[in-house]
Number of protein chains: 2
Amino acid sequence: MKDALSILRRCKIQPTPQRIAVVEYVLKSKAHPSADDVLSYARKKCPTVSRATVYNTLNLLVEKGLLGMQTIKEGAVVFDSNIEKHHHFVDSETGDIYDIPWDQLEVKGKDKLKDFEIFEFQVILRGRRKKK
Amino acid sequence: MKDALSILRRCKIQPTPQRIAVVEYVLKSKAHPSADDVLSYARKKCPTVSRATVYNTLNLLVEKGLLGMQTIKEGAVVFDSNIEKHHHFVDSETGDIYDIPWDQLEVKGKDKLKDFEIFEFQVILRGRRKKK
DNA sequence: AATTTTATCTTGACATTGTCTAATATAATA
DNA sequence: TATTATATTAGACAATGTCAAGATAAAATT
């Protein structure tokens with residue numbers, strides 16, 4: 001029940017060869033592919049698939065909750081005159097970014113991550129800023 | 001002692017009108033400007049300043065530790081077939097992204113952030129993956 | 001089956017973010 | 001002043017993403 005076709009059907013997304021190619025790759029991959037990675041793969045199965053279709057399909061999958069989307073990679077950067085360590089809160093509506101003082105949050109459990117040597121970390125929160 | 005000129009001198013960055021314009025804006029702004037925001041402002045003071053110079057200067061400031069840099073905004077996105085909640089670890093050398101199971105980390109203190117209504121959050125860690 | 005309607009795809013144009021190079025300008029040094 | 005080193009510029013380029021218009025295909029209706 002994990003083939004691309006039935007996944008699409010189950011989510012009421014009309015299956016097409018293009019969408020199947022996208023889903024096959026993206027839902028199996030344990031890496032974190034970029035849209036362009038997906039495009040490259042999809043073109044192997046479906047050489048005429050267009051960039052727009054890949055983007056549309058990925059967005060569809062995200063809307064349906066089948067796929068997560070993370071803005072971790074570089075590509076759009078903002079600068080921060082506050083060079084104290086701090087966390088960030090992003091207003092989902094406006095995109096505004098607020099600094100959260102470092103000592104307001106505590107992250108426990110990092111020392112249990114044996115596979116990783118941690119240079120730095122931060123908490124990113126998203127939501128809505130309350131009006132005063 | 002907080003004017004752009006002395007800041008640049010103190011850090012042994014040769015002051016130029018272009019750099020001063022960049023520093024003035026970026027070190028005072030409490031918002032989180034993008035490179036393009038900085039460019040726009042810098043051109044008010046220094047109409048001929050080029051995109052390259054702004055980028056160069058921002059990178060210089062980051063290298064010297066005068067400025068923080070965050071990749072929070074959208075612009076380059078990766079997708080994630082793991083739709084369970086989880087945190088992320090980014091390998092600083094390779095750029096590889098690893099999922100950290102949700103229950104491995106705990107973030108305390110969120111309820112003290114009275115000004116914000118939190119829809120979601122995650123911890124982003126950066127460092128080096130240990131080889132086995 | 002034929003036609004209309006609807007959904008999907010493609011192409012190509014465009015915007016944004018960022019890097020790079022070659023040429024020029026400026027400053028520092030001898 | 002002549003030389004050298006450092007900064008700046010313009011423009012080309014690449015990557016990521018959005019959008020609109022027309023072409024295609026599928027579904028629904030008659």
Side-chain angles (χ1 to χ4, degrees), chain A residues 4-5 7-9 11-26 31-64 67 69-80 95 97, chain B residues 4-5 7-9 11-26 31-64 67 69-80 95 97:
Chain A
L5 186 58
I7 287 172
L8 284 168
R9 286 204 178 119
C11 293
K12 314 218 202 286
I13 299 174
Q14 192 170 303
T16 65
Q18 294 86 345
R19 285 172 174 171
I20 288 171
V22 168
V23 169
E24 264 180 5
Y25 182 61
V26 90
H32 291 74
S34 66
D36 199 61
D37 293 335
V38 180
L39 178 59
S40 304
Y41 173 86
R43 284 208 165 134
K44 285 188 199 156
K45 287 234 148 186
C46 205
T48 71
V49 73
S50 69
R51 173 190 307 281
T53 295
V54 168
Y55 275 91
N56 288 340
T57 304
L58 289 171
N59 290 335
L60 253 182
L61 296 173
V62 171
E63 272 171 37
K64 298 278 185 179
L67 196 59
M69 188 172 133
Q70 304 288 339
T71 63
I72 295 175
K73 277 222 173 137
E74 298 193 6
V77 143
V78 297
F79 296 90
D80 203 332
I97 299 170
Chain B
L5 185 58
I7 288 172
L8 286 169
R9 285 204 179 120
C11 292
K12 313 220 203 286
I13 300 174
Q14 190 170 305
T16 66
Q18 293 85 345
R19 285 172 173 170
I20 289 171
V22 168
V23 169
E24 263 181 5
Y25 184 60
V26 92
H32 292 74
S34 67
D36 199 61
D37 293 334
V38 180
L39 178 60
S40 303
Y41 174 84
R43 284 207 165 136
K44 286 187 199 157
K45 285 235 150 188
C46 205
T48 71
V49 73
S50 69
R51 174 191 309 282
T53 294
V54 168
Y55 275 90
N56 288 341
T57 304
L58 288 171
N59 289 336
L60 254 182
L61 296 173
V62 171
E63 271 172 38
K64 297 280 184 175
L67 196 59
M69 187 171 132
Q70 306 287 338
T71 64
I72 295 176
K73 276 227 172 131
E74 298 192 8
V77 142
V78 298
F79 296 90
D80 202 332
I97 298 170

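With sequence neighbours left out, the side chain to side chain contact (heavy atoms under 4.5 Å, CB included) criterion links A/P15 to A/L5, A/L8, A/R9, A/I20. Here B/K45 pairs with B/E24 under the salt bridge (charged side-chain N to carboxylate O under 4.0 Å, His left out) rule; sequence neighbours left out. With sequence neighbours excluded, the residues satisfying ring pair (Phe, Tyr, Trp, His ring centres under 6.0 Å) with A/Y25 are A/Y41. A search for side-chain hydrogen bond (donor to acceptor under 3.5 Å, both in side chains) contacts involving A/T71 returns nothing, not counting sequence neighbours. The side chain to side chain contact (heavy atoms under 4.5 Å, CB included) check on B/T53 picks up B/Q18, B/V49, B/S50, B/T57, with sequence neighbours excluded. Partners of B/S40 by side-chain hydrogen bond (donor to acceptor under 3.5 Å, both in side chains), not counting sequence neighbours: none found.
Within 4.0 Å (heavy atoms only), A/N56 reaches no atom of the nucleic acid at all.
If you measure from atom CG of B/D36 to atom P of C/dG18, you get 9 Å, rounded to the nearest angstrom. D/dT8 atom P lies 10 Å from atom CG of B/L8, rounded to whole Å. Here the P atom of nucleotide D/dA7 and the CG atom of B/L58 are 15 Å apart, to the nearest Å. In this structure, the CG atom of A/L39 is 13 Å from the C1' atom of C/dC9, given to the nearest Å. Atom pair B/Q18:CD and D/dT8:P shows a separation of 5 Å (rounding to whole Å applied). Between the C1' atom of C/dT8 and the CG atom of A/L60 lies a distance of 11 Å, rounded to the nearest Å. To the nearest angstrom, P of C/dG18 lies 7 Å from CZ of A/F79. Rounded to whole angstrom, the span from the CG atom of B/D37 across to the P atom of C/dT16 amounts to 12 Å.
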**Message:** Base contacts versus sugar-phosphate-only contacts with protein, heavy atoms under 4.0 Å: please encode nucleotides 23-30 of chain C as B, S and - from 5' to 3'.
**Reply:** ----S---
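The two residues B/C46 and B/A21 come nearest to each other via the heavy atoms CB-CB, 4.4 Å.
Here the rule is side-chain contact (heavy atoms from CB on, under 4.5 Å) with A/L39, and of A/V22, A/L58, A/V54 only A/V54 fits it.
In terms of position along DNA chain D, the nucleotide closest to B/P15 lies nearer the 5' end than the nucleotide closest to the other residue of the pair B/V77 and B/P15. Between B/K12 and B/R43, the residue anchored nearer the 5' end of DNA chain D, judged by the nucleotide with its closest heavy atom, is B/K12.
The A/Y55 side chain lies nearest to D/dT18 when the options are C/dT8, D/dT18, C/dT17.
Residue B/T16 places at least one side-chain N or O under 4.0 Å from the OP1 or OP2 atom of D/dT8.
Within the 3.5 Å criterion, the main-chain N or O of B/I97 finds a donor-acceptor partner in the side chain of A/H32.
Taking every heavy atom of residues 46-53 of chain B and every atom of DNA chain C, pairs under 4.0 Å involve B/R51, B/A52, by number.
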